[in-house]
Amino acid sequence: MFFEYLIAGFLVMAGLFGFVGSFGLLKLNDPMSRLHAPTKATTLGVGGVLLASMLHGVVVEGHLSLHELMITLFLFLTAPVTALFIAKVHIHRHETKTSLPKAGEDGIWATHNVTETKEAPAEDQQQG
Amino acid sequence: MNHFLIAPVVLPALVAPFIIMVVRHHMDLTRIFSLASTVLLVAISLVLAAQASTGEVQVYELGNWSAPFGIVLVLDRLSALMVLLTSVLALIINLYVIGSGWDKRGANFHALFQFQLMGIIGAFLTGDAFNLFVFFEVLLIASYGLMIHSGGTRRFQAGVQYVVYNLLGSTLFLFALGTLYSVTGTLNMADLAVRVAEIPAEDTALLRVGAVMLLLVFAIKAAVIPLHFWLPASYANAPLPIAALFAIMTKVGAYAILRMYTLVFGPDVASTEGLAGAWLMPAALVTLMIGAIGVLGSYRVGRLVAFGAITSMGTLLTAIALFSPEGVAAALYYTLHSTLAAAFLFLVADLVSERQGIEITAQRLMPQSGLIAVLFFTGAIAMAGMPPLSGFLGKLLVLDAARDHDLVWWIWGTILIGSLITILGMARAGSLLFWKSHSIRETDGPQETQPYEEEANEQDELQQRPRPAALPFVACFALLSGLILLTVFAGPASHYAEATAAQLFAPEIYIKAVLGKVTP
Amino acid sequence: MGFLNIEFLVASAVGLLTAAGIYLILRRRTFPVILGLSLLTYGVNIFLFATGRLMVDAPPILNKYAEVPYTDPLPQALVLTAIVISFGMTAVVVMIALAAYLSARDDKIDMPHHPEDEGEDA
Amino acid sequence: MIITYATLFAFVCFALAILMNLWKIISAAEIADRILALDSMFINALALMVLYGIALGSEIYFEASLIIAMLGFVSTVAYARFILRGNIIE
Amino acid sequence: MSLFLIAALPFLGAVFPALLIRAGRNASASAAGLTSFLAFVGLMLHAPAIFRGEVIQVGVDWLPALGLNANFFLDGLGFLFASMILGIGLLIILYARFYLSREDPMGQFYTYLLLFQGAMVGIVLSDNILLLLVFWELTSLSSFLLIGYWKHLPEGRQGARMALAVTGSGGLAMIGGMMILGNIAGSYDLSVILQNKDLIQASPLYLPALILILLGCFTKSAQFPFHFWLPHAMAAPTPVSAYLHSATMVKAGLFLMARLWPVLAGTPEWFYIVATTGLVTMTLGAVIALFKDDLKSLLAFSTVSHLGLITMLLGFGTKIAAVTAVFHIINHATFKAALFMSAGIVDHEAHTRDIKRLGGLRHLMPVTATIAIVAALSMAGVPPFNGFLSKEMMLEETVHTLWGGSHYVVPGLALLAALFSAAYSFRFIGHVFLGPIRNDYPAKPHDPGFGMWAGPAFLVTLVVLIGLFSAKLAGPLVAVAAGAVIGGAELPYYSLKLWHGLTPALYMSGVAVVGGLLLVKLHAPLIRAWNAAPRPEAKQIFDALMRGLTKLSQLITDGLHNGAITRYAFVMMLFIIGISYYAYASGTITAPTREVQSVGPITVIAWFCLIVATLAVVAKHRQRQLSLVLIGVVGLVVSLGFNYLSAPDLALTQLSVEVVTMVLLLLALNFMPKDSPIEAPMWVRLRDGGIAVVGGLGAAALIYALMLRDFALPSISEFHLANSYKGGGGTNVVNVILVDFRGYDTFGEIIVLGIAALVIYALTEAVLGSRVRAYLLNRKPDMPQDGDAHPMMMVVATRVMMPLALMVAAYIFFRGHNLPGGGFIAGLIAAIALLMQYMASGFSWASERQRMFYHGTIGSGVLIAAATGLGSWFSGSPFLTSAFGYLHWSPLEEFEWATAALFDLGVFLAVVGAVLLALESLARFAWQPGMSSEHAMDINPARDDAAEAAEAKGEA
Amino acid sequence: MRLFRRLLPHPILTLLLTLTWVLLTSTWTLNSLVFGFLLGLLIPFLTQPYWPQQMRLKNPLMIIEYILIVLYDIVVANLVVARIVVFKPNAKRQPAWVAVPLDLLTPEAITVLAGTITMTPGTVSADVSAEGHALLVHCLDAPDPNAVRDEIKQRYERRLKEIFE
Ligand code: NA
Ligand code: NA
């Protein structure tokens with residue numbers, strides 16, 4: 001019984017955080033802030049569901065399956081990359097060198113670090 | 001189990017990957033393997049044809065699963081005939097392509113060529129409706145590659161259209177198959193025949209929709225008006241030897257119509273009555289006429305022949321649309337003829353356009369003009385259905401088969417007037433290409449100012465190409481000999497066609513061979 | 001809410017995907033046409049899938065322990081084949097469209113038409 | 001029993017989340033927001049599938065979630081890279 | 001000699017002149033001559049039998065299905081024509097040898113001539129009307145070549161095409177007529193048809209058949225209004241004209257009318273069509289001929305006139321008229337061939353055929369003059385030459401012929417024709433040969449060598465001899481030929497002699513000769529009047545017609561096939577929808593048998609997402625990247641739907657395909673415009689929307705109807721469910737179907753993928769081998785780029801993911817047989833794992849790490865799959881028969897092996913290879929110098945700082 | 001030993017992959033272990049070229065501590081952020097950019113740090129500096145950006161430095 005309540009608790013928490021994540025996407029009014037919202041969906045939202053699923057497997061179905069851990073692993077690996085890229089898109093399109101804080105000793109953030117396009121190469125160069 | 005049935009599918013399917021894996025960078029080896037495979041294919045086809053000529057229908061149960069649960073290959077006279085035709089054509093075109101150096105003008109030609117053969121032959125041999133779809137796709141995608149072989153702007157643009165149009169056809173194919181499966185619960189063609197016959201009379205509407213969509217799919221492949229629009233630009237812009245190979249591809253559509261509408265939705269099946277008859281005949285006649293008009297109205301060599309091919313498809317489908325044993329026999333004879341004739345003329349068109357460009361205009365006298373003129377003239381005769389070549393006999397057979405049809409006057413009129421317009425168009429083209437050039441002196445220079453830079457460039461390339469060797473002519477003469485043999489041995493050929501038609505109109509033999517039981 | 005049934009939802013999805021596909025295929029640039037083909041492919045795949053009738057929670061994975069209903073596996077196999085094939089086709093059409101665009105520097109799908117000037121008629 | 005209700009609750013939450021994602025995808029002014037919303041939709045869909053597995057007590061539907069977790073980000077990154085670099089493989 | 005051989009000899013011989021021309025012109029001509037001569041001799045060997053009244057028959061089945069038999073027969077009529085064809089042919093061959101100049105390709109000439117000769121002989125010997133048609137059309141084709149022989153002359157080319165158009169179309173009409181005739185008679189064999197006069201003439205199809213056949217005859221024989229082609233065919237070298245227009249081609253129409261005379265003639269329809277046409281043609285031709293200054297034109301119109309004469313005689317339908325017709329055929333052949341050859345000699349020697357520039361040649365070329373004058377007198381109908389005899393008989397017949405109740409129409413017009421005939425013949429004599437020598441000939445004329453005048457001289461000898469000794473010389477031939485024409489009936493009384501007493505015909509002849517002389521005298525004012533009179537110019541009409549037809553064809557063709565696939569596709573949709581609706585509406589449908597299944601709100605929400613996203617794709621399709629994002633939504637919902645509806649395999653496949661497709665589309669979009677302009681006007685968009693809605697509704701209705709019905713028949717998949725484990729060794733029935741029950745489909749499917757990759761590769765090669773390469777190398781990105789091409793975090797994350805992803809791929813692969821998964825999905829996952837590396841670290845960097853040979857991967861995949869299939873041959877089973885079993889290796893638990901897994905490995909490899917080859921191709925498009933980096937990530941403080949430190953150290 | 005190295009170039013990875021396999025299959029049998037092990041041998045062999053420099057862990061045990069801290073932070077931060085998202089009006093929220101100078105040098109360590117920052121709600125790593133010596137972090141609501149920076153450096157970077165370098 002305890003486990004059922006636990007499972008239910010995980011599920012409710014997951015639902016709430018999942019909802020809030022997407023709600024934030026609508027509610028928050030600046031693009032970078034919106035980027036924060038889905039992080040919740042991936043962590044506690046999906047995490048809760050996965051936990052519930054694992055517990056459910058053990059408790060209700062009666063066999064241990066941990067492959068939900070794989071999903072968690074992949075999500076933790078990929079979500080930061082996703083966020084990074086979306087942030088870069090924002091920086092690329094809307095932030096300038098001055099609108100961001102100083103980049104320390106390197107002077108410039110990577111997204112803004114555009115090397116000038118090289119001279120058009122001669123046609124006879126062979127392809128690598 | 002007679003493994004010869006699967007051999008013509010597996011052989012190219014093994015040779016093609018072998019070529020791309022092992023000998024891709026050695027043109028000579030590639031050619032040798034490709035050619036050897038094609039020769040072997042002809043041999044296999046001959047064996048199959050010999051086996052089929054006994055009248056027995058042979059079945060090959062793939063994966064050892066019996067029909068209708070697994071996929072079966074079925075060899076009857078019709079499929080044997082088509083396979084033989086395909087492989088003979090392939091061999092000749094392979095010779096031409098090698099001789100003319102076309103295969104060197106782009107990558108992966110021979111692998112695609114082999115896969116193309118695999119697709120076509122697979123489509124002819126299969127006894128399963130969905131498998132037919134799969135092999136249609138195999139042959140189509142290979143044809144996409146061959147069509148854009150060696151590239152060029154117009155070829156790519158035409159290629160996009162060709163692919164898009166055919167993808168629409170493939171989609172329709174799936175709609176049709178889904179409907180048929182949903183109604184009948186089977187995919188095997190013989191089983192479909194059995195089950196379609198059992199469909200209750202009060203519940204035919206959905207089956208009819210499926211059946212007619214299937215017919216439309218095949219009509220697209222067979223270039224029936226108004227579903228033919230893909231053909232002229234594709235064939236005219238393809239490398240012309242490839243267009244020659246494509247002469248068999250429209251026949252795949254015709255074959256499938258013939259197969260499905262004799263075996264499954266035959267003339268005696270009440271629930272699908274009147275589906276094909278109502279519009280196929282008029283459409284075929286319009287196809288014929290539009291093709292003929294196109295021949296007269298073409299200003300490019302490839303397009304001329306492409307419309308010629310449409311005309312011959314019109315004639316062929318007219319014969320099929322009679323849905324009588326005589327009509328089908330005529331259609332089969334005409335299939336043999338028109339495939340060889342169209343291929344022949346496409347090769348001749350290539351000889352011409354290799355020497356003086358694609359426009360039908362008078363240019364300076366081309367090398368080997370006399371010989372090519374003779375070939376063109378014979379090809380034109382064949383294509384227009386003039387005596388003495390087999391086209392005339394084929395047309396007479398069609399005319400004769402149509403004599404009891406309601407639309408007999410329309411049929412006769414269209415075929416005859418179509419022939420006239422075709423021969424006028426061919427005469428116009430031939431006289432411009434071969435005769436008028438005699439009145440242009442060397443110093444006159446090229447007549448046309450090129451319409452745009454791209455083509456000017458293509459023209460330049462054309463001048464630099466090495467002059468083709470004798471092999472292309474050997475290929476042309478081989479096709480011509482085929483036409484002549486078909487003429488001289490019209491009796492035996494039409495006898496085989498009659499026997500094939502008889503077999504088609506007795507589907508219970510096929511069904512018994514596949515399912516091991518007789519139609520209830 | 002009589003229309004709220006699986007069959008209606010699936011049928012309407014098929015219809016809409018087909019309609020959207022057709023509309024886009026009739027556009028004049030290659031790219032929308034490819035989009036249209038994709039949508040049409042979805043439509044026909046669902047169509048083909050649905051010809052096996054629809055069932056929830058009855059995957060055709062045989063269960064050793066219980067007598068359970070299975071949905072029709074055959075259309076699924078057919079759709080899988082169709083998906084793979086249309087994937088190959090899409091890749092090819094995308095590439096040819098790209099090649100056509102790069103060669104002509106124009107992605108109109110209708111071919112430019114050059115009716116040649118008539119020369120002297122023979 | 002309580003699990004059923006909780007599952008249903010989570011279902012509804014994630015479904016509503018998906019609807020909100022959809023709304024954002026359609027209406028956002030910025031392509032970055034649309035990509036973000038699509039990525040969220042992938043995640044929410046993943047949750048839905050796992051929930052579905054819980055509801056049915058079946059593991060057969062699980063791999064779809066795994067695939068989404070593993071591959072979903074590839075599309076997102078591709079969309080973003082397209083804006084950033086044009087060429088997504090260079 | 002067998003008739004086969006006689007008919008075949010010219011064809012067989014046709015190759016030799018072309019081949020022997022390398023051995024010289026004489027060799028070539030000799031070959032042609034010898035061929036003709038042999039055939040002629042062969043024919044003559046039958047002469048005794050023919051004159052005994054026998055009919056020689058020989059036959060063999062050719063196309064029995066059709067009733068087309070290679071049956072030949074030789075009777076009097078055939079004998080007459082065959083001897084003319086071969087005999088005059090011989091003379092022409094001789095003549096042409098000297099006529100043709102050194103520049104003319106003589107080998108071709110004789111080849112064409114022999115082909116033509118063979119076709120003609122075939123016509124007259126055919127005992128099967130279909131066979132006859134074959135030869136008939138062959139004459140059109142071979143005459144096309146002969147008329148167009150001088151390719152450099154526009155008149156030659158145009159004349160040839162005109163002749164082909166007219167005679168060809170007539171021939172096609174005749175095919176129809178012959179088919180009808182054969183159907184009425186129940187056989188295409190002439191010998192049968194000729195026995196069925198009553199049956200044929202009673203048939204309701206008699207008139208159509210008659211008209212169609214006559215169209216063929218009239219066009220071939222240049223009857224009004226189809227006469228116009230013949231003068232233009234005069235652009236051919238004179239030997240051709242002489243041959244085609246005296247004895248052969250134009251006579252083919254006459255021959256056929258004569259041949260079918262027994263079954264077709266004798267009806268009012270026949271009389272009024274044939275006789276009237278002949279009469280008009282005869283008169284018209286004669287009148288026009290008088291006003292032609294070109295020698296060959298004059299002769300051409302004269303030919304038209306004489307053909308009309310014979311046609312008219314045949315049209316009378318009386319036996320005696322038929323006899324006369326036969327007689328005149330002989331006579332006309334002799335004098336007209338001689339005249340053409342003489343005209344050719346004049347042309348050859350004087351370098352002009354313009355009568356106005358000639359005159360007085362009698363003095364310069366007496367031999368030619370003699371020949372020509374005698375022949376022309378015969379043509380004029382002056383005794384004692386043969387022309388007189390037959391013309392006399394003709395006039396006699398006209399007197400007895402009623403036309404529409406009138407006694408005067410026929411004889412009146414015939415007299416007019418005779419008069420003009422005499423006139424142009426006299427003009428031919430007078431203005432060319434008589435009169436004083438001129439000093440302004442283009443070349444100094446003189447008689448040619450013997451070879452050239454021998455032929456005409458021989459013919460003129462015949463003209464004279466037949467005139468004088470007609471009964472002896474021509475009598476038997478006329479008798480047997482006429483006997484054949486009238487169908488074996490008793491010949492009427494007639495006598496071939498010069499003097500029949502003072503008959504009306506004699507008076508008419510007299511009037512004609514005197515009037516003719518008078519007309520020649522009045523020629524100058526007459527020709528002024530003629531030139532002033534407006535009259536239709538046939539050539540211009542014909543040219544306009546042909547130009548119009550060609551233009552119209554071009555308009556239709558270009559209009560219909562204008563390259564607009566948008567319209568093609570629209571028409572296609574319309575047609576498909578229309579026909580499908582017709583199929584539906586013409587069938588019957590019963591009420592649904594299945595209950596609908598209710599759904600929960602979640603499903604509805606998913607559906608709603610799909611609907612909205614799809615509509616959004618349509619609405620936003622012009623923003624290309626956005627529409628890709630939206631399609632991503634569609635794909636996601638579809639996958640969810642598959643999962644929900646018990647199809648996990650489909651969901652997995654759809655999801656992974658989606659990713660790769662999206663990447664491909666984005667890669668391609670990089671090079672393309674990012675937006676689509678609005679191009680279609682509103683009405684077009686509405687129209688497209690309309691057809692789209694109708695199509696969508698159709699698809700929806702169809703699937704809805706299908707889903708709600710259980711048709712009586714169980715699906716074959718029941719078998720699959722029942723046998724998947726037992727027979728296929730797997731519990732995932734979908735996978736077992738894919739790799740076992742329907743493994744052949746899957747085999748085809750991976751080949752499709754492999755081909756796709758090969759196509760893409762080949763295409764890339766083609767594009768990069770063209771000028772596009774320069775553009776690509778110099779291409780500037782069309783959007784601003786950010787500064788970090790290979791972000792560190794992405795690189796690290798993908799490095800970690802790569803082994804995991806491959807592990808998942810392995811997992812998906814191995815479980816496929818029993819649980820959702822399989823080689824295809826695994827292949828995609830593996831490919832995407834590599835793709836991640838490419839996206840993170842760049843293609844060059846990544847592919848250097850993994851020198852994978854994608855062609856080889858695809859090839860090995862296909863080969864493994866095929867080899868697995870072939871492996872079953874060793875156990876005597878068919879291709880792709882699977883095997884599986886269970887192994888027990890201690891201490892391991894029992895595990896299953898299955899050949900299906902090997903097959904699936906083939907699938908796996910083909911998928912990986914295909915995806916990567918496609919990606920590689922796109923990467924090659926994008927490749928620019930300076931793009932490849934030696935480092936996986938652009939920013940790496942560990943690397944840079946270490947390098948800096950080393951540098952600092954080095955400096956220090 | 002050399003043979004051992006040959007056969008087992010990445011023992012940890014092999015172990016991890018074997019574990020992954022067992023996780024994936026969820027079958028705790030000898031077969032599964034053996035098969036997973038085989039794959040664990042094969043796959044590193046295939047993927048090794050993509051990871052040219054070997055990652056070295058100086059202090060592997062600290063990973064556990066780190067993970068626990070991060071998990072705890074995730075839960076707490078989630079609650080905080082959820083409250084901000086749902087209840088705090090946009091106008092009152094104070095989003096901020098924070099530049100975090102890095103002491104970490106190895107890409108792996110930096111990536112883990114950036115990932116941690118992103119996965120704990122309220123902060124997102126948005127960019128690195130041109131040479132990789134600073135991290136750009138965006139905060140959802142940070143009245144005091146410097147505090148955020150210091151916490152990141154204290155709580156996470158310090159520990160990662162110990163683990164990796
Ligand atoms: Na598969
Ligand atoms: Na964070």
Region of [X] in contact with chain C, defined by heavy-atom distances below 4.5 Å:
X	answer
E:Arg624	both
E:Val734	both
E:Val604	both
E:Leu776	side chain
E:His720	side chain
E:Asn818	backbone
E:Val736	neither
E:Leu645	both
E:Leu667	neither

If you count heavy-atom pairs within less than 4.5 Å of chain C, which of [options] leads?
options	result
E:Ala569, E:Ala647, E:Ala914	E:Ala647
E:Val767, E:Leu922, E:Ile737, E:Asn735	E:Ile737
E:Val617, E:Ile703, E:Thr661, E:Val733	E:Ile703
E:Tyr568, E:Phe642, E:Tyr725, E:Phe570	E:Phe642
E:Met573, E:Met707, E:Arg685	E:Met707
E:Arg622, E:Arg779, E:Arg709, E:Glu718	E:Arg709

For residues [X] and [Y], report the shortest heavy-atom separation together with the two atoms involved.
X	Y	answer
E:Ala606	E:Val637	O-CG1, 3.3 Å
E:Ala613	E:Val634	CB-CG2, 3.8 Å
E:Pro673	E:Leu669	O-CD1, 3.5 Å

E:Lys620: salt bridge (Lys or Arg N to Asp or Glu O under 4.0 Å) partners, not counting sequence neighbours: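 Here no residue qualifies.
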Partner residues of E:Arg567 under the salt bridge (Lys or Arg N to Asp or Glu O under 4.0 Å) criterion, sequence neighbours left out: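 For E:Arg567, no residue satisfies salt bridge (Lys or Arg N to Asp or Glu O under 4.0 Å) once neighbours in sequence are set aside.
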C:Tyr101 ring center near E:Phe671 ring center (under 6.0 Å):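 They do not qualify: ring centres at least 6.0 Å apart.
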C:Asn5-E:Ser598 side chain donor-acceptor pair, cut-off 3.5 Å: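 Their side chains do not contain a donor-acceptor pair, so the 3.5 Å distance test is not met.
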Between C:Thr81 and E:Asp745: side-chain donor-acceptor atoms closer than 3.5 Å: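 No, E:Asp745 and C:Thr81 have no side-chain donor paired with an acceptor closer than 3.5 Å.
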Top contributor to chain E interface from [options] [non-hydrogen pairs under 4.5 Å]:
options	value
C:Leu78, C:Ile22, C:Ile109	C:Ile22
C:Leu16, C:Ile46, C:Val14, C:Thr71	C:Leu16
C:Leu98, C:Thr18, C:Leu26, C:Leu74	C:Leu26

C:Asp106 with C:Arg29: basic N within carboxylate O range, under 4.0 Å: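 Salt bridge flag = yes for C:Arg29 with C:Asp106.
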How long is the span from the [atom1] atom in [X] to the [atom2] atom in [Y], to the nearest 0.5 Å?
X	Y	atom1	atom2	result
C:Ile25	C:Leu35	CD1	CG	10.0 Å
C:Asn45	E:Gln654	CG	CD	6.5 Å
E:Leu919	E:Ile760	CG	CD1	9.0 Å
C:Ile34	C:Asp107	CD1	CG	9.5 Å
C:Leu39	E:Ile631	CG	CD1	4.5 Å

Against chain E, label [X] side chain, backbone, both or neither, depending on which of its atoms sit under 4.5 Å from a heavy atom there.
X	answer
C:Thr30	side chain
C:Arg27	both
C:Tyr42	side chain

Proximity of residues 90-97 of chain C to chain E, residues having a non-hydrogen atom under 4.5 angstrom: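 C:Thr90, C:Ala91, C:Val92, C:Val94, C:Met95, C:Ile96, C:Ala97 fall under the 4.5 Å cut-off.
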Residues, nucleotides or ligands: over 12 heavy atoms within 6.0 Å of E:Phe608 CZ: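 Check fails, neighbour count at 12 or below.
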Side-chain donor-acceptor pairs of residues 54-64 of chain C under 3.5 Å, sequence neighbours excluded:
| from | atom 1 | to | atom 2 | distance (Å) |
| --- | --- | --- | --- | --- |
| C:Asn63 | OD1 | C:Tyr65 | N | 2.8 |
| C:Asn63 | OD1 | C:Ala66 | N | 3.3 |

